[in-house]
Amino acid sequence: MYDVDGQRVVLGAARVGSYEKELANATRVGTVYGRDLVGRRYTPLFDFLADTPNAFQVLAADFVTTEDGTGVVHLAPAFGEDDQNACNQAGIPTVVTVDDRTRFTGLVPPYAGLQVFEANQPVLRDLKARGLVVRHDTYTHSYPHCWRCDTRWCTRRSRVGLSP
(Lines give C-alpha, C1' and ligand atoms only; values in the text may rest on other atoms or scores of the structure.)
Protein backbone atom coordinates (compact mmCIF):
# COMPACT_ATOMS: atom_id res chain seq x y z
CA MET A 1 0.00 0.00 0.00
CA TYR A 2 1.31 3.43 -0.97
CA ASP A 3 0.48 7.06 -0.23
CA VAL A 4 0.38 9.16 -3.39
CA ASP A 5 -0.37 12.81 -2.65
CA GLY A 6 -2.62 11.94 0.28
CA GLN A 7 -4.43 9.12 -1.52
CA ARG A 8 -3.95 5.46 -0.64
CA VAL A 9 -3.06 3.25 -3.59
CA VAL A 10 -3.41 -0.52 -3.33
CA LEU A 11 -1.51 -2.70 -5.82
CA GLY A 12 -0.85 -6.39 -5.98
CA ALA A 13 2.76 -6.91 -4.83
CA ALA A 14 3.62 -8.56 -8.14
CA ARG A 15 2.57 -5.36 -9.97
CA VAL A 16 4.56 -2.76 -8.00
CA GLY A 17 7.54 -2.86 -10.40
CA SER A 18 5.24 -2.09 -13.31
CA TYR A 19 4.18 1.12 -11.57
CA GLU A 20 7.70 2.35 -10.78
CA LYS A 21 7.20 5.68 -12.59
CA GLU A 22 3.83 6.39 -10.95
CA LEU A 23 5.16 5.45 -7.50
CA ALA A 24 8.40 7.44 -7.82
CA ASN A 25 7.23 10.09 -5.30
CA ALA A 26 4.99 7.77 -3.31
CA THR A 27 5.60 6.58 0.21
CA ARG A 28 5.11 2.94 1.04
CA VAL A 29 2.87 2.94 4.09
CA GLY A 30 2.41 -0.76 4.65
CA THR A 31 1.57 -4.17 3.41
CA VAL A 32 -1.87 -5.66 3.43
CA TYR A 33 -2.75 -9.06 2.07
CA GLY A 34 -5.71 -9.47 -0.23
CA ARG A 35 -7.29 -11.97 2.14
CA ASP A 36 -7.22 -9.30 4.87
CA LEU A 37 -9.10 -6.86 2.65
CA VAL A 38 -11.97 -9.26 1.92
CA GLY A 39 -15.18 -7.91 3.44
CA ARG A 40 -13.84 -4.38 3.95
CA ARG A 41 -16.02 -1.63 2.59
CA TYR A 42 -14.78 1.22 0.43
CA THR A 43 -16.03 4.52 -0.95
CA PRO A 44 -17.28 4.08 -4.52
CA LEU A 45 -15.69 6.20 -7.26
CA PHE A 46 -19.17 7.48 -8.15
CA ASP A 47 -22.18 7.72 -5.85
CA PHE A 48 -24.77 6.57 -8.41
CA LEU A 49 -25.47 3.24 -6.70
CA ALA A 50 -24.09 4.06 -3.24
CA ASP A 51 -27.26 2.80 -1.53
CA THR A 52 -27.05 -0.67 -3.11
CA PRO A 53 -27.14 -3.24 -0.28
CA ASN A 54 -23.83 -5.03 0.39
CA ALA A 55 -22.10 -3.31 -2.55
CA PHE A 56 -18.71 -1.60 -2.40
CA GLN A 57 -16.92 -4.24 -0.44
CA VAL A 58 -13.80 -6.21 -1.29
CA LEU A 59 -14.51 -9.71 -2.59
CA ALA A 60 -12.13 -12.57 -3.31
CA ALA A 61 -12.32 -14.12 -6.76
CA ASP A 62 -10.07 -16.73 -8.34
CA PHE A 63 -10.26 -15.04 -11.77
CA VAL A 64 -8.41 -11.93 -10.54
CA THR A 65 -4.73 -12.17 -11.43
CA THR A 66 -1.57 -10.09 -11.22
CA GLU A 67 -0.56 -10.68 -14.83
CA ASP A 68 -1.45 -7.11 -15.80
CA GLY A 69 -3.15 -4.06 -14.37
CA THR A 70 -3.05 -3.47 -10.64
CA GLY A 71 -4.12 -6.88 -9.37
CA VAL A 72 -7.38 -5.26 -8.19
CA VAL A 73 -10.56 -5.58 -10.28
CA HIS A 74 -13.93 -3.83 -10.16
CA LEU A 75 -16.89 -6.19 -10.47
CA ALA A 76 -20.12 -5.30 -12.25
CA PRO A 77 -22.69 -8.06 -11.71
CA ALA A 78 -24.95 -6.87 -14.53
CA PHE A 79 -22.23 -7.29 -17.15
CA GLY A 80 -20.51 -10.61 -16.73
CA GLU A 81 -21.10 -14.13 -15.49
CA ASP A 82 -18.04 -14.28 -13.19
CA ASP A 83 -18.86 -10.88 -11.74
CA GLN A 84 -22.48 -11.83 -11.18
CA ASN A 85 -21.59 -15.13 -9.50
CA ALA A 86 -19.11 -13.48 -7.12
CA CYS A 87 -21.58 -10.71 -6.28
CA ASN A 88 -24.48 -13.14 -5.82
CA GLN A 89 -22.39 -15.08 -3.27
CA ALA A 90 -21.83 -11.82 -1.37
CA GLY A 91 -25.51 -10.85 -1.48
CA ILE A 92 -24.91 -7.93 -3.85
CA PRO A 93 -27.94 -7.42 -6.08
CA THR A 94 -27.70 -7.03 -9.84
CA VAL A 95 -28.60 -3.47 -10.77
CA VAL A 96 -28.95 -2.91 -14.51
CA THR A 97 -27.87 0.63 -15.43
CA VAL A 98 -28.32 0.38 -19.21
CA ASP A 99 -31.34 0.12 -21.46
CA ASP A 100 -32.02 -2.29 -24.31
CA ARG A 101 -29.75 -0.25 -26.59
CA THR A 102 -26.88 -0.42 -24.04
CA ARG A 103 -27.21 3.27 -23.23
CA PHE A 104 -26.87 4.40 -19.64
CA THR A 105 -30.19 5.15 -17.94
CA GLY A 106 -31.10 7.85 -15.44
CA LEU A 107 -29.46 5.72 -12.72
CA VAL A 108 -26.16 7.13 -14.03
CA PRO A 109 -27.08 10.80 -14.53
CA PRO A 110 -23.94 12.35 -16.08
CA TYR A 111 -23.73 9.57 -18.67
CA ALA A 112 -27.45 8.96 -19.25
CA GLY A 113 -28.11 8.34 -22.95
CA LEU A 114 -24.50 7.46 -23.77
CA GLN A 115 -23.80 4.01 -25.17
CA VAL A 116 -21.50 2.13 -22.77
CA PHE A 117 -18.48 2.12 -25.07
CA GLU A 118 -18.99 5.82 -25.91
CA ALA A 119 -18.98 6.62 -22.19
CA ASN A 120 -15.42 5.40 -21.65
CA GLN A 121 -13.76 8.74 -22.44
CA PRO A 122 -16.16 10.95 -20.43
CA VAL A 123 -15.86 8.60 -17.43
CA LEU A 124 -12.07 8.62 -17.67
CA ARG A 125 -12.03 12.42 -18.03
CA ASP A 126 -14.17 12.80 -14.90
CA LEU A 127 -12.03 10.39 -12.86
CA LYS A 128 -8.84 12.17 -13.92
CA ALA A 129 -10.33 15.57 -13.07
CA ARG A 130 -10.97 14.28 -9.53
CA GLY A 131 -7.41 12.95 -9.21
CA LEU A 132 -8.53 9.32 -9.05
CA VAL A 133 -6.43 7.89 -11.88
CA VAL A 134 -2.91 6.71 -11.11
CA ARG A 135 -2.32 5.53 -14.67
CA HIS A 136 -4.54 4.90 -17.67
CA ASP A 137 -3.86 1.81 -19.75
CA THR A 138 -5.98 0.32 -22.50
CA TYR A 139 -6.74 -3.39 -22.37
CA THR A 140 -8.30 -5.52 -25.02
CA HIS A 141 -11.19 -7.46 -23.54
CA SER A 142 -12.78 -10.29 -25.41
CA TYR A 143 -16.37 -9.36 -26.16
CA PRO A 144 -18.87 -11.35 -28.14
CA HIS A 145 -19.08 -10.05 -31.71
CA CYS A 146 -21.56 -10.45 -34.51
CA TRP A 147 -19.92 -12.85 -36.94
CA ARG A 148 -21.49 -11.00 -39.87
CA CYS A 149 -20.64 -7.36 -39.20
CA ASP A 150 -18.03 -7.62 -36.40
CA THR A 151 -20.11 -5.40 -34.11
CA ARG A 152 -19.37 -5.81 -30.39
CA TRP A 153 -22.20 -7.12 -28.30
CA CYS A 154 -22.66 -5.84 -24.81
CA THR A 155 -24.04 -8.55 -22.58
CA ARG A 156 -26.47 -7.38 -19.97
CA ARG A 157 -27.79 -9.53 -17.18
CA SER A 158 -31.30 -9.27 -15.87
CA ARG A 159 -33.40 -11.05 -13.35
CA VAL A 160 -36.52 -12.59 -14.78
CA GLY A 161 -39.31 -13.54 -12.45
CA LEU A 162 -41.89 -16.01 -13.62
CA SER A 163 -45.23 -16.25 -11.93
CA PRO A 164 -47.34 -19.40 -12.01
Side-chain angles (χ1 to χ4, degrees), residues 1-12 15 19 22-23 26-27 29-66 68-139 141 143 152-161:
M1 186 168 6
Y2 292 83
D3 182 284
V4 178
D5 299 325
Q7 295 286 331
R8 292 292 164 100
V9 176
V10 177
L11 296 169
R15 300 301 303 153
Y19 285 80
E22 292 79 9
L23 297 175
T27 304
V29 294
T31 299
V32 61
Y33 295 97
R35 67 178 171 266
D36 297 331
L37 292 173
V38 173
R40 290 188 62 179
R41 302 211 172 267
Y42 61 89
T43 303
L45 296 174
F46 295 101
D47 62 0
F48 312 135
L49 304 174
D51 60 347
T52 304
N54 298 318
F56 308 109
Q57 64 172 301
V58 178
L59 305 177
D62 61 3
F63 56 86
V64 179
T65 71
T66 56
D68 54 21
T70 61
V72 179
V73 176
H74 168 77
L75 300 178
F79 300 103
E81 183 178 6
D82 288 335
D83 292 21
Q84 188 174 41
N85 290 337
C87 290
N88 284 348
Q89 287 180 331
I92 299 171
T94 298
V95 179
V96 179
T97 56
V98 297
D99 63 18
D100 291 339
R101 295 174 45 219
T102 66
R103 296 186 182 283
F104 282 109
T105 67
L107 291 173
V108 185
Y111 313 112
L114 285 178
Q115 198 274 339
V116 293
F117 296 116
E118 294 169 356
N120 287 340
Q121 288 306 313
V123 168
L124 181 61
R125 180 194 62 230
D126 293 347
L127 291 171
K128 284 182 175 180
R130 294 171 42 215
L132 298 174
V133 177
V134 173
R135 180 172 85 195
H136 168 233
D137 293 322
T138 300
Y139 295 92
H141 294 283
Y143 287 99
R152 291 186 288 191
W153 293 344
C154 180
T155 54
R156 179 181 71 131
R157 302 270 179 210
S158 62
R159 292 183 184 246
V160 177

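Computed from heavy atoms alone, side chains included, the values below leave out hydrogens, waters and symmetry copies.
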Heavy-atom side-chain proximity of [X] to [Y] below 4.5 angstrom:
X: Q57; Y: I92; result: yes
X: L11; Y: L23; result: yes
X: R35; Y: V58; result: no
X: P53; Y: P93; result: yes
X: V116; Y: Y111; result: no
X: T102; Y: F79; result: no

Taking all atoms of both residues into account, what is the closest heavy-atom pair of [X] and [Y], and its distance?
X: H136; Y: V133; answer: N-CG1, 4.0 Å
X: A76; Y: D83; answer: N-OD2, 2.8 Å
X: D3; Y: G6; answer: OD1-N, 3.1 Å
X: N88; Y: T94; answer: OD1-OG1, 4.2 Å
X: R15; Y: T66; answer: CD-O, 2.9 Å
X: Q115; Y: R101; answer: CG-O, 4.1 Å

| task | Kindly say whether V29 contributes a backbone atom to a donor-acceptor pair with the side chain of R8 at under 3.5 angstrom? | result | no

| R125 side chain to N120 backbone, donor-acceptor under 3.5 Å | no

To the nearest 0.5 Å, how far apart are [atom1] in [X] and [atom2] in [Y]?
X: L124; Y: L132; atom1: CG; atom2: CG; value: 11.0 Å
X: R130; Y: F46; atom1: CZ; atom2: CZ; value: 5.5 Å
X: L59; Y: N85; atom1: CG; atom2: CG; value: 12.0 Å
X: T31; Y: M1; atom1: OG1; atom2: CE; value: 8.0 Å

| said: Is it the case that over 12 heavy atoms from other parts of the model lie below 6.0 angstrom from the CG atom of D36? | reply: yes

| message | Does Y42, at its OH atom, have more than 12 non-hydrogen atoms belonging to other residues, nucleotides or ligands within less than 6.0 Å? | response | yes

| request: Please step through side-chain contact (heavy atoms from CB on, under 4.5 Å) for the pair V134 and V4, ending with a clear verdict. | output: CA-CA 9 Å; V134 173; V4 178; 5.7 Å; no

